[in-house]
Amino acid sequence: MIDFKKYSLNLRGRLVEIDKPLVMGIINATPDSFYSDSRMLDAHDIACKANEMAQQGADIIDLGACSTRPGAQVVDASEEIMRLNVAVKVVRQAVGNEMLLSVDTFRASVARHCVEELGIDIINDISGGDLDQLMHSTVAQLQVPYVVMHMRGTPATMQRFTNYDDDVAAVVLEELARKVDALHQCGINDVIADPGFGFAKTVEQNYRIMSQLEVFHSLDVPLLVGISRKSMIQRVLNCDAAHALNGTTVLNTIALMKGAHILRVHDVKAAVEARTLVTFTNNK
């Protein structure tokens, strides 16, 4: 177990200390995200889920409105914004303004709308800016924290790009390091790095990255881990997403022991309990 490295984030003028791991709950305002229980377009269902997550101890709620799973239909920006307008409004009504909200989008126009019109705190971009060349400059103007995830290609093509010439963790680290440096150079002060489990990686490569997760602390930015109910768990345990909670908790525990700062999860209660036990153990 490694020592937890503390960071701070400037969230719309409010300095938030990351002095313990944070739990980010996932709500997908979509009909086709890979885990069916995370899909919800009905305002009542979104509000109930947000309230449940808040009561269970979520630190951040991450809202997505355009599924990026392989084979999903990519909706246009206007549909994505329309869904987010509803989702953000009902989540704010359900949990109040103190809850940190992030939006999972690869579009600069959606990011701008969500920050300027909806008061979103964090932009979470699975493509790290590769799918919209305006994303980095837009986030620099907006001055909000930015999650840069490692991916190659697009969600539809990413599994064609799993050929890593060297050790996969070393290559992903190098590619992320270039991104983090470029983000700092363009004026984005608060960067969060995500190795991108499941995106342009084979099952074996995902586990190699998990086994070496601590090397990503050399980026000198907070580290987000998102492995919740993913196929890397399903394929090893021979189960589907609905039965992948136990495997998720095991890997989240490993990530916490390797110093992860944010766990992005479907199941907030289980992640909060894992954090509590790992933190309790680390303090003994």
Side-chain angles (χ1 to χ4, degrees), residues 24 26 28 30 32-35 38 62 64 66-74 104-107 124-133 135-136 146-183 191-219 221 223-241 243-244 247-248 250-252 254-255 258-260 262-266:
M24 173 188 279
I26 303 166
N28 290 312
T30 63
D32 55 354
S33 295
F34 84 90
Y35 177 45
S38 73
D62 188 51
C66 177
S67 177
T68 52
R69 68 171 176 81
Q73 180 180 0
V74 178
D104 179 1
T105 186
F106 58 83
R107 293 184 170 111
N124 180 13
D125 180 3
I126 64 156
S127 79
D130 288 347
L131 296 182
D132 190 332
Q133 298 304 308
M135 180 62 93
H136 290 180
Y146 178 68
V147 180
V148 54
M149 196 190 81
H150 178 271
M151 182 178 72
R152 291 174 168 182
T154 69
T157 66
M158 60 187 178
Q159 291 312 116
R160 303 175 196 168
F161 302 102
T162 59
N163 184 20
Y164 295 84
D165 293 333
D166 203 348
D167 178 76
V168 62
V171 174
V172 171
L173 175 61
E174 180 184 357
E175 293 180 4
L176 269 178
R178 288 200 296 266
K179 285 276 185 75
V180 170
D181 182 63
L183 291 164
V191 179
I192 300 164
D194 178 350
F197 288 98
F199 288 80
K201 287 107 181 160
T202 65
V203 170
E204 292 76 14
Q205 288 167 347
N206 285 319
Y207 282 96
R208 286 195 209 113
I209 291 171
M210 180 62 77
S211 72
Q212 301 176 60
L213 190 65
E214 61 271 20
V215 304
F216 289 89
H217 294 301
S218 65
L219 295 169
V221 297
L223 179 62
L224 184 150
V225 170
I227 47 83
S228 184
R229 297 183 181 266
K230 285 186 174 179
S231 61
M232 64 181 284
I233 298 167
Q234 298 174 42
R235 291 180 184 177
V236 173
L237 297 182
N238 192 27
C239 67
D240 58 14
H243 297 91
T248 297
V250 171
L251 293 187
N252 278 337
I254 293 171
K258 290 177 175 287
I262 303 173
L263 298 178
R264 184 176 181 271
V265 299
H266 299 96

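These values consider heavy atoms only, across backbone and side chains, with no hydrogens, waters or symmetry-generated copies. Each residue takes its place number in the sequence, starting with 1.
For the atom pair Ile233 CD1 and Ser228 OG, the distance stands at 7.0 Å (nearest 0.5 Å). The CE atom of Met232 sits 11.5 Å away from the CD atom of Gln205 when rounded to the nearest 0.5 Å. Separating the CD1 atom in Ile192 from the CE atom in Met24 is a distance of 6.5 Å, to the nearest 0.5 Å. We find the CZ-OG1 distance between Arg229 and Thr248 to be 6.0 Å, quoted to the nearest 0.5 Å. If you take OG1 on Thr105 and CG on Asp125, they are separated by 7.5 Å, rounding to the nearest 0.5 Å. The CG atom of Leu183 lies 4.5 Å from the NE2 atom of His136; values are rounded to the nearest 0.5 Å.
A donor-acceptor pair is defined here as one N or O able to donate and one able to accept, closer than 3.5 Å; such a pair exists between the side chain of Lys258 and the backbone of Ser211. At distances below 3.5 Å, not a single donor-acceptor pair connects side-chain atoms of Tyr164 with backbone N or O atoms of Ala169. Under a 3.5 Å cut-off, the side chain of Asn238 and the backbone N or O of Gln234 do not form any donor-acceptor pair. Formation of a donor-acceptor pair under 3.5 Å by the Asn252 side chain with backbone atoms of Ala255 is not found in this model. Between the side chain of Lys201 and the main chain of Pro195, a donor-acceptor pair closer than 3.5 Å is present.
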Is there a side chain to side chain contact (heavy atoms under 4.5 Å, CB included) between Tyr207 and Val168 once you walk through the steps? CA-CA 10 Å; Tyr207 282 96; Val168 62; over 6 Å; no
Evaluate side chain to side chain contact (heavy atoms under 4.5 Å, CB included) for Gln212 paired with Leu173, printing each intermediate quantity in order. CA-CA 10 Å; Gln212 301 176 60; Leu173 175 61; over 6 Å; no
How far apart are the C-alpha atoms of Met135 and Ser127, what are their side-chain angles, what is the distance that settles it, and do they pass the side chain to side chain contact (heavy atoms under 4.5 Å, CB included) test? CA-CA 10 Å; Met135 180 62 93; Ser127 79; over 6 Å; no
What verdict does the side chain to side chain contact (heavy atoms under 4.5 Å, CB included) test give for Lys230 and Asn206, after you've listed the backbone C-alpha separation in whole Å, the side-chain angles of each residue and the deciding distance to 0.1 Å? CA-CA 11 Å; Lys230 285 186 174 179; Asn206 285 319; over 6 Å; no
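Between Met210 and Ile227, some side-chain heavy-atom pair lies under the 4.5 Å cut-off. Inter-residue side-chain proximity for Glu204 and Thr162 is flagged as unmet; no heavy-atom pair is nearer than 4.5 Å.
A salt bridge links Arg178 with Glu174: the closest approach of a Lys/Arg side-chain nitrogen to an acidic carboxylate oxygen falls below 4.0 angstrom.
Here the closest non-hydrogen pair linking Gly226 and Leu224 is N-CD2, 4.0 Å. For the pair Ala193 and Val221, the tightest heavy-atom approach, listed with the atom from each and the gap, is CB-CG2, 3.7 Å. Gly128 and Tyr146 make their closest contact through C-OH, 3.2 Å (heavy atoms, listed as atom of the first residue, atom of the second, distance). Heavy atoms only, all atoms of each residue included: Val225 and Leu213 are closest at CG2-CD2, 3.8 Å. Taking every heavy atom of both residues into account, Ala200 and Arg152 meet most closely at CB-N, 3.7 Å. The two residues Gln133 and Asp130 make their nearest non-hydrogen contact at NE2-O, 3.3 Å.
Both the sub-6.0 Å distance and the 45° axial angle are not jointly satisfied by Arg264 relative to the ring of Phe197.
Shown are Ile126, Asp194, Leu176; of these, the side-chain contact (heavy atoms from CB on, under 4.5 Å) with His150 is made only by Leu176.
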